[in-house]
A.B. asks: 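Structure incoming, see below.
For ligands, and for the atoms within them, numbers begin at 1 and follow the listed sequence. Keep in mind that what you see is a predicted model, and the values were worked out from it rather than measured. Throughout, numbering of the chain's residues begins at 1 and tracks the sequence.
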Amino acid sequence: MKEGIGSAHAKIILIGEHAVVYGYPALALPLLSSKVHVTLRKSDETYVSSALVEGPMHTLDETFDPIKKLVEKLLNVFNMNAVSLTIDTDIPINAGLGSSAAISSAITEAFFDYNDVSLSQETRFNYVQFSETLAHQTPSGIDAIITMSKTPIKFIKGESLKPFEIDLDGYLVVGNTGVKGKTKEAVNHIAQTINTPSTKALIDQLGVLTLNAISAINDNNLIALGNALTLAHDALTALGVSHPLLDALIKDSLSKGALGAKMTGGGLGGCAIALASNQATANAIQASWSLMSGQDAFILSLKK
Ligand code: MEV
């Protein structure tokens, strides 16, 4: 039976989340070990099977609306009546690792593959942005664009994919709090007060810290990068988008020798990252975070 195949990976925002919505740059890394694969076949009714949900698409609850609307749009474009979608993912949901954008990206690719139509980056981006806009109203586009990049990027809203080289003798520990992140609420929370001097100042500060992080990476200065990360976390906390368990993980990692640490992604839950200068420190943070949250934590090398 004919099949269409699509896949995409997770992401980690190193620095710049939230400020990126207001035009500041952000740095993101693809998380190639965490992936979603979609297999699409023609069927009598549109049906989704995955580890999380299984059933006719119209029976899925409203949290799946962005995906439902994307599938409806693609069915229309390709003049198809119904498809079955098998979604096989190991990207944790609502963890700030870009699972919704990755699923949309993989579904889009599967439709194009099934119909033997080549898919440009711009078209893929536009479809993912369509469903991301339904998911959280004013997405900057960073989650959509990183699903298409196999290397780190520097992203500015409205601009195309720009690779950004990261080649450091350091390690990033990534740990999930297990508390569901709430990107939409967090983005809306900031939007409500964006015209007040204090919120504006914090967003501006995040913008400056991202520029500091970019210089630190270019200068191979892990200490300066770590400082920028921790200060960015403080600004995100002051903006009201952190969570007590994120704050606890960050404090713990600093006490274990991290050079810096912060939440990553939309926040109000989800994941934290910590920068370590050597494997032993990274291992100690990983073990401690797993104990504290009861969730897996993992280590990424920042060497190219
Ligand atoms: C979410 O991964 C990143 C945010 O900056 C929102 C966005 O850029 O669309 C919080």
A.B. asks: With respect to atom 3 (C) of ligand 1, which of Val241, Ile13, Thr264 exhibits the smallest heavy-atom separation?
C.D. replies: Ile13
A.B. asks: Cluster question for you: counting only ILVMFWY and a side-chain heavy-atom cut-off of under 4.5 Å, with indirect links fine, are Phe125 and Val20 together?
C.D. replies: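 Yes: a chain of side-chain contacts under 4.5 Å links Phe125 to Val20.
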A.B. asks: Quick one: nearest non-hydrogen protein atom to atom 7 (C) of ligand 1, plus distance?
C.D. replies: Ser140 OG, 3.4 Å
A.B. asks: Does Thr138, backbone or side chain, put an N or O under 3.5 Å from an N or O of ligand 1?
C.D. replies: no
A.B. asks: Give a yes or no on whether the ring-centroid distance for Phe111 and Tyr127 is below 6.0 angstrom.
C.D. replies: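 Between Phe111 and Tyr127, the centre distance exceeds or equals 6.0 Å.
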A.B. asks: For ligand 1, is any non-hydrogen atom under 4.0 Å from Lys11's backbone (N, CA, C, O), its side chain (CB onward), both, or neither?
C.D. replies: side chain
A.B. asks: Identify the closest protein heavy atom to atom 6 (C) of ligand 1: which residue and atom is it, and at what distance?
C.D. replies: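 Atom 6 (C) of ligand 1 sits closest to the protein heavy atom Val21 CG2, 3.9 Å.
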A.B. asks: For Lys157, is the nearest heavy atom under 4.0 Å from an atom of ligand 1?
C.D. replies: no
A.B. asks: Can you list everything that forms a salt bridge (Lys or Arg N to Asp or Glu O under 4.0 Å) with Asp204? Sequence neighbours excluded, please.
C.D. replies: Lys200
A.B. asks: Starting from atom 4 (C) of ligand 1, what is the nearest protein heavy atom, named by residue and atom, and what distance separates them?
C.D. replies: His18 N, 3.9 Å
A.B. asks: When you compare ligand 1 with Asp143, is there at least one nitrogen or oxygen pair between them that comes in under 3.5 angstrom?
C.D. replies: yes
A.B. asks: With sequence neighbours excluded, tell me which residues meet side-chain hydrogen bond (donor to acceptor under 3.5 Å, both in side chains) with Glu3.
C.D. replies: Arg41
